[in-house]
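Below: one structure in structure tokens.
No hydrogens, no waters, no symmetry mates; every other heavy atom, side chains included, goes into these values. Start at 1 and go down the list; that is how both ligands and their atoms are numbered.
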Amino acid sequence: MRKNILITGGAGFIGSHLVRLIVNKYPEYHVFNLDKLTYAGNLSNLTDVENLPNYTFVREDICNFDAIKLIFEENKIDAVIHLAAESHVDRSIEDPFSFAQTNVLGTLSLLQAAKQCWENDFEGKLFYHVSTDEVYGALGRDGFFVETTPYKPHSPYSASKASSDHFVRAFHDTYGLPVVVSNCSNNYGSYQFPEKLIPLFINNIRHNKPLPVYGKGENVRDWLYVEDHARAIDVIFHKGRIGETYNIGGFNEWKNIDLIKVLIKVVDKELGRPEGTSEKLITYVKDRAGHDLRYAIDSSKLKNELGWEPSLQFEEGIEKTVRWYLQNQDWLDNVTNGEYQNYYEKMYKNR
Ligand code: NAD
Ligand code: TYD
């Protein structure tokens, strides 16, 4: 059956992996990749699929309700996978308004467009909202986030994502819109903008620049290879139960400083530097405000109900990731010129 799927944020990190997966795996679907192309969106993430007949790029802002409605109508959209967002915690601390604008109001605009265009005939329709584990707040040393963990976001980013999750569920409960939500842990892999820990540090190691570790480096994150996240979205999109939430994670927790040491080892090896050379770049800096101590996802529901499991061990994933950035230094150079230098200066000069 032909499906016209609107994927928002498809030029970003996770979105580009998802678009690639769906257009290649389902030639019978048509994917409309709707993206505003902010600093984080990059069409060069998708050059390998841009000419496929079942793929169309649309440059638009999800907040532009009239334009979104028109796109729904003209293209007979019958499913949405919504990833477009402002996604970086540090930026949200500097500029919370843009997070409320895109993540909350933008999501609301998409929900309202879907509701109006589907005219309450929701048969065969789906609004899939991609969210984060950060909505659950921070864990202590023990325990995991499950789907029923109460929301307790701490950063403007996670507060805006939490709010968008609530709107999605409210549209289901109030209007019967068929929705599904997933909350995933930290992703890593190719095409991630080098403001996030792993690509930022790979880039700095290659330039022999300081590696700014927030606080004591003791915060814990649960890392999942981005292609495994895209596979999970595919499974939930096709088999997930309407109205449900699925947590996605790889049971792969790392204390930041331990992960950074692994990263240094792999990058040094790939660059032909003696083991541990770049450890001298580690620089402890002022902690992030409201820095969540630990995230850890229990993804048993997804495994037990839908049979999804991560495919890659972390060591393998991190080696693949480091190799990709080092083999694609042009990509790194392109996204780190111009505006990125101002960002870096602003974010890190007073730490
Ligand atoms: P990203 O920042 O790499 O990409 C976001 C994309 O959204 C970009 O292409 C950008 O141009 C686009 N965008 C931003 N504002 C827009 C707007 N107003 N209209 C249209 N497009 C707009 O983000 P990512 O890391 O790929 O995350 C994608 C989604 O997954 C987000 O919703 C994020 O909250 C969620 N998520 C991310 C992670 C992670 O580790 N990166 C983990 C769990 C969930
Ligand atoms: P990040 O990649 O920004 O993801 P998130 O904050 O959404 O989990 O950061 C991952 C961890 O790395 C987080 O604990 C903050 C820390 N971190 C640093 O220590 N230094 C940095 O320069 C950055 C960007 C992050």
Side-chain angles (χ1 to χ4, degrees), residues 7-19 33-43 45-46 58-64 67-68 81-93 98-99 101-103 105-107 109-110 129-135 138 155 157-158 160-161 164-165 182-189 191-201 204 210-224 226 229-230 233 247-249 254-257 259-260 282-288 290-295 297 335 344 347-348 351:
I7 297 183
T8 70
F13 166 48
I14 301 168
S16 60
H17 285 278
L18 181 70
V19 166
N33 169 15
L34 185 146
D35 200 295
K36 182 181 172 184
L37 298 182
T38 66
Y39 77 93
N42 190 347
L43 286 180
N45 297 358
L46 285 166
V58 186
R59 186 169 192 179
E60 193 46 82
D61 185 333
I62 54 168
C63 300
N64 189 349
I68 298 292
I81 310 180
H82 173 37
L83 297 96
E86 289 294 338
S87 67
H88 189 39
V89 173
D90 292 329
R91 286 185 194 256
S92 81
I93 295 169
S98 63
F99 283 69
Q101 179 70 27
T102 289
N103 299 359
L105 296 178
T107 301
S109 147
L110 283 167
H129 179 59
V130 175
S131 193
T132 166
D133 61 353
E134 306 193 19
V135 297
S155 72
Y157 163 64
S158 53
S160 68
K161 291 296 290 186
S164 66
D165 294 10
S182 60
N183 296 80
C184 188
S185 61
N186 286 59
N187 285 215
Y188 70 97
Y191 299 111
Q192 186 171 32
F193 193 79
E195 61 186 353
K196 309 278 168 50
L197 179 74
I198 290 180
L200 180 95
F201 276 35
N204 282 14
L211 304 175
V213 180
Y214 297 166
K216 295 185 176 145
E218 287 184 346
N219 303 67
V220 174
R221 296 293 182 262
D222 182 354
W223 294 93
L224 182 69
V226 63
H229 186 189
I233 294 174
N247 278 356
I248 311 173
W254 286 83
K255 202 189 269 189
N256 287 346
I257 190 64
L259 180 146
I260 288 159
I282 291 177
T283 310
Y284 290 93
V285 299
K286 193 169 131 210
D287 208 353
R288 173 187 279 171
H291 196 173
D292 287 335
L293 177 66
R294 174 171 166 259
Y295 304 141
I297 277 275
V335 299
Y344 202 88
M347 288 305 208
Y348 291 97
R351 280 198 185 267

Quiz item: If you count the atoms of ligand 2 from 1 in the order shown, which ones are under 4.0 Å from a heavy atom of N219?
Solution: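 Here the atoms of ligand 2 in question are 14 (O).
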Quiz item: If you count the atoms of ligand 2 from 1 in the order shown, which ones are under 4.0 Å from a heavy atom of V89?
Solution: 6 (O), 7 (O)
Quiz prompt | Near ligand 1, at a heavy-atom separation below 4.0 Å: residues by chain and residue number | solution = G9, A11, G12, F13, I14, D35, K36, L37, T38, A40, G41, E60, D61, I62, L83, A84, A85, S87, T102, V130, S131, T132, Y157, K161, C184, S185, N186, N187
Practice problem: Tell me which protein heavy atom sits closest to atom 21 (C) of ligand 2, plus the residue, atom name and distance to 0.1 Å. | Solution: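 In this structure, atom 21 (C) of ligand 2 has Y214 CZ, 3.4 Å as its nearest protein heavy atom.
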Practice problem: Would you mind running through ligand 2 and noting each atom that sits below 4.0 Å from a heavy atom of H88? | Solution: 3 (O)
Quiz item: Of all residues at least two apart in sequence or in a different chain, which pass the side-chain hydrogen bond (donor to acceptor under 3.5 Å, both in side chains) check with S185?
Solution: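 Scan of S185 (side-chain hydrogen bond (donor to acceptor under 3.5 Å, both in side chains), adjacent residues dropped) gives none.
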Practice problem: Starting from atom 20 (N) of ligand 2, locate the nearest protein heavy atom and write down its residue, its atom name and how far away it is, to 0.1 Å. | Solution: P212 O, 2.7 Å
Practice problem: Compare H291, E134, E195, K255 and give the one whose heavy atom is closest to atom 5 (P) of ligand 2. | Solution: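 It is E134 whose heavy atom sits nearest to atom 5 (P) of ligand 2.
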Practice problem: Heavy-atom contacts with V213 under 4.0 Å: which atoms of ligand 2 show up? List them by number with element. | Solution: 19 (O)
Quiz prompt | Heavy-atom pair with the smallest gap, counting every atom of D35 and A11 | solution = OD2-N, 3.0 Å
Quiz prompt | Under 3.5 Å: donor-acceptor pair, side chain of T8, backbone of L83 | solution =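 Checking the backbone N and O of L83 against the side chain of T8, a donor-acceptor pair under 3.5 Å is found.
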Quiz prompt | Reference residue F13; test side chain to side chain contact (heavy atoms under 4.5 Å, CB included); the match among V226, N45, N42 | solution =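 When side chain to side chain contact (heavy atoms under 4.5 Å, CB included) is applied between F13 and each of V226, N45, N42, only V226 qualifies.
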Quiz item: Below 4.5 Å, heavy atoms only, C-beta onward: do I257 and Y284 meet side chain to side chain?
Solution: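 With C-beta onward as the side chain, the pair touches.
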Self-check item: Option nearest atom 11 (C) of ligand 2 (shortest heavy-atom distance, choices I260, T283, N256)
Solution: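 Considering heavy atoms of I260, T283, N256, the nearest to atom 11 (C) of ligand 2 sits in N256.
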Exercise. Decide whether R221 and Y188 meet the rule of one side-chain donor and one side-chain acceptor closer than 3.5 Å.
Key: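 No, Y188 and R221 have no side-chain donor paired with an acceptor closer than 3.5 Å.
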Quiz item: How far is atom 10 (C) of ligand 2 from its nearest protein heavy atom, and which residue and atom is that?
Solution: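 Scanning the protein heavy atoms, the shortest distance from atom 10 (C) of ligand 2 goes to L197 CB, 3.9 Å.
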Exercise. Starting from atom 22 (O) of ligand 2, locate the nearest protein heavy atom and write down its residue, its atom name and how far away it is, to 0.1 Å.
Key: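 Nearest neighbour among protein heavy atoms for atom 22 (O) of ligand 2, to 0.1 Å: Y348 OH, 2.7 Å.
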Practice problem: Using atom types as modelled and distance alone, determine if a side-chain donor or acceptor of N103 lies under 3.5 Å from a backbone N or O of S160. | Solution: no
Practice problem: Over all heavy atoms of both residues, which pair between N33 and L46 is shortest? Give the atoms and the distance, please. | Solution: ND2-CD1, 3.4 Å
Quiz item: Which heavy atom of S155 sits nearest a heavy atom of V89, and at what distance?
Solution: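 That would be CB-CG1, 3.9 Å.
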Quiz item: Near L200, which atoms of ligand 2 are under 4.0 Å from a heavy atom of that residue?
Solution: 22 (O)
Quiz item: Judged by non-hydrogen atoms, does Y157 sit under 4.0 Å from ligand 2?
Solution: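 False for this residue.
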Quiz item: Hey, mind stepping through E86 and Y157 against side chain to side chain donor-acceptor pair (under 3.5 Å) and telling me if it holds?
Solution: CA-CA 8 Å; E86 289 294 338; Y157 163 64; over 6 Å; no
Practice problem: Please test I81 against V130 for side chain to side chain contact (heavy atoms under 4.5 Å, CB included), starting from the C-alpha separation and ending with a verdict. | Solution: CA-CA 7 Å; I81 310 180; V130 175; 4.0 Å; yes
Quiz item: In terms of residue, atom name and distance, what is the protein heavy atom nearest to atom 6 (O) of ligand 2?
Solution: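 Result: R288 NH1, 2.5 Å.
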Quiz item: How long is the span from the CG atom in N186 to the CG atom in L197, to the nearest 0.5 Å?
Solution: 8.5 Å
Exercise. Inspect the contact between E195 and R91 and indicate whether a charged nitrogen and a carboxylate oxygen are less than 4.0 angstrom apart.
Key: yes
Quiz prompt | Atoms in ligand 2 flagged as close to N186, the criterion being non-hydrogen separation under 4.0 Å | solution =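 Listed by number with element, the hits are 4 (O), 5 (P), 8 (O).
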Quiz item: Which protein non-hydrogen atom lies closest to atom 8 (O) of ligand 2, naming both residue and atom, and how far is it?
Solution: R221 NE, 2.7 Å
